[in-house]
Amino acid sequence: MSSDVVTEAARRRTFAIISHPDAGKTTLTEKLLLYAGVVQSAGAVKARGGRTAARSDWMEMERERGISVSSTVLQFPYGDCMMNLLDTPGHKDFSEDTYRVLTAVDAAVMVLDSAKGIEPQTRKLFEVCRARNTPIITFLNKQDRPGLTPLELADDIANTLDLALAPLMWPVGPSGALFGLLDTRQDVLIRADRTARGAFIGDEETLKGDDAIALAGAALGQAREECELLDLSYGGWDQEAFESGQLSAVLAGSALTNQGVRQLLDALVSIAPSPTPREQVDGAMRPLDAPFAGIVFKIQANVDPSHRDQMAFVRACSGRFERGEPLTQSSNGRVVTTKHAASVLGQERETVEEAFPGDIVALVNARNLRIGETVYAGPPVEFPPLPRFEPEVFASARPLDVSKAKQFRTGVEQLDAEGVIQALIEDGNHSRPIIATVGALQMDVFKHRMRAEYNVEVELGGNNIQVVRRTDAATAQKLREIGGIRIADRSDGALLALFENKYRLERLQRDEPSLTLKPMVDL
Ligand code: G4P
């Protein structure tokens, strides 16, 4: 059995697509499914607007705004591999959810709009990947349209992100008139026929040597030269540097016209790493063929309002998951039943019988599970908790109607457990928590979900908090004596000091360097 697990893990490619809104992530996702044979024509799984399945009100909000608040997991076979594509929300605001999805992948595809280069959201997401040394495949999208030249794009990426690059699929032809792609490792020219909006897979031809030159002429020579220049600068392809996140593989194409889509899938198979042993809290590495263990990286409640259920998304890290086998949760040693385990494609759920390292299992109705905890079979094991991020937006919350105090508390606790918000509690006062979020949109999501799912109208008030630091009991006591600094508890047991502005914090750190005041971001 254990060799099974290792073999199955080796087939897994678990990745996310990171991009700025409108760079083409949705289009590319569809095309990956088209080329993997999951859909017969693109347009069938249009993520925006096309989903008709039951949705809760907060998804309505998502539809109204034309954004994707929730993340989706897509699993599909490609060749000998099993691909797990985790969707990161594509709106420009940030949520911890987005970051956490990136903790569950083994590689990321960074999609750029070739007319725009690196945009702010791409950069933020990239930084999360870099902090974890996640390998990055860069896809220069929209090559069918005029944009920056490939070398200008390469400069932009290398300079903005301080990242070495290795071209694997390079555009041939002038900007906006993509003729084909140069496969630098095989030194062949790949040409794909266009179909209307790329709805279907067109014919593809691969040309070598004189045939390629006869067809592409000087454009091919130029592409070769550009790649040589980059290889001279960055040292060429180096699998190890790629796997440690130091070097990005660069592919180019057009998601709209299907150029380079197959090559992107092939690159994921050939260069993206499969799951590797994961570090435990005690520093030991968990072998892939140890009994099942996984990390809860996302919790979503009330997906379907008629069920009022909760789904906990678990990234499998070791062993074979078998539906029905009870697991233990690391935070309190309680048993988690896995009778209702599912894989999720958009809104559709399918019962999953088994899963292997790299796979994502959705545990339906696994109440009490918390973000970041480990679930395991057999002897106890615990992976390090997921990082919690520094909130930037703060508001004091209370129910508008005091008779709703109970629903209010339930809702706040649930959304805190899901990681939508961080509820900061002062002096045990749960009726008036401080709600902290990473971005402004999350605050809207909180209000909206409190109304839609818990029937509580929430009033949010200002509170002059700008910066939060982790502290300990001794420092908290000192801060209380100093006065003017609020202390709050978070549900994960962290003790926090809340500052009205960063100058106060800086002065305090200067005057009292022995105080424990740690930044919350701990990637
Ligand atoms: P996102 O998920 O990253 O936000 O981007 P999405 O795929 O929705 O793409 C944003 C827009 O860019 C869409 O146009 C899409 O058709 C277009 N697009 C995506 N990839 C390419 C490409 O390779 N080449 C070109 N030329 N365009 C591309 P739209 O006008 O907003 O929508 P639609 O009317 O085309 O559906």
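Predicted, not measured: the structure shown is a model, and the values here were computed from it. Order of appearance sets the numbers: ligands from 1, and atoms from 1 within every ligand.
- In Thr26, the parts holding a heavy atom less than 4.0 Å from any atom of ligand 1 are both the side chain and the backbone.
- Relative to the ring axis of Phe179, Arg191 places its NZ or CZ within 45° and under 6.0 Å from the centre.
- Close contacts of ligand 1 with Pro21, meaning ligand atoms under 4.0 Å from a residue heavy atom, involve 4 (O).
- Applying the 4.0 Å criterion to heavy atoms of Lys25 picks out, from ligand 1, the atoms 1 (P), 2 (O), 3 (O), 5 (O), 7 (O).
- Considering Asp22, Val261, Thr27 only, the shortest heavy-atom separation from atom 15 (C) of ligand 1 involves Thr27.
- Of the polar atoms of Leu28, none of the N or O atoms is found under 3.5 Å from an N or O of ligand 1, judged by distance alone.
- At under 3.5 Å, a nitrogen or oxygen of Leu256, whether backbone or side chain, sits near a nitrogen or oxygen of ligand 1.
- Listed for the Thr134 side chain is no donor-acceptor partner under 3.5 Å among the backbone atoms of Arg130.
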Determine, step by step, whether Glu373 and Arg370 satisfy the salt bridge (Lys or Arg N to Asp or Glu O under 4.0 Å) criterion, reporting the C-alpha distance in whole Å, the side-chain angles of both residues, the deciding distance to 0.1 Å, and the verdict. CA-CA 6 Å; Glu373 74 172 317; Arg370 295 201 64 88; over 6 Å; no
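- Applying the 6.0 Å contact sphere to CD of Glu225 captures no more than 12 heavy atoms from other residues, nucleotides or ligands.
- Residue-ligand proximity, Ser254 to ligand 1, at heavy-atom distances under 4.0 Å covers atoms 22 (C), 23 (O), 24 (N).
- A donor-acceptor pair under 3.5 Å links the side-chain atoms of Asp416 to the main chain of Ala423, judged by distance alone.
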Before giving the answer on side chain to side chain contact (heavy atoms under 4.5 Å, CB included), spell out for Gln442 and Phe446 the whole-Å C-alpha distance, their side-chain angles and the decisive distance to 0.1 Å. CA-CA 6 Å; Gln442 285 305 101; Phe446 167 67; over 6 Å; no
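- Both the backbone and the side chain of Lys142 come within 4.0 Å of ligand 1, judged by heavy-atom distances.
- The distance criterion of under 3.5 Å between nitrogen or oxygen atoms is not met by Thr257 with respect to ligand 1.
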Distance-only check: which donor-acceptor pairs under 3.5 Å involve side-chain atoms of residues 354-362, not counting sequence neighbours?
| from | atom 1 | to | atom 2 | distance (Å) |
| --- | --- | --- | --- | --- |
| Glu354 | OE1 | Arg320 | NH1 | 2.6 |
| Asp359 | OD1 | Arg12 | NE | 2.8 |
| Asp359 | OD1 | Gln75 | NE2 | 3.1 |
| Asp359 | OD1 | Asn84 | ND2 | 2.9 |
| Asp359 | OD2 | Arg12 | NE | 3.3 |
| Asp359 | OD2 | Arg12 | NH2 | 3.0 |
| Asp359 | OD2 | Phe356 | N | 2.9 |

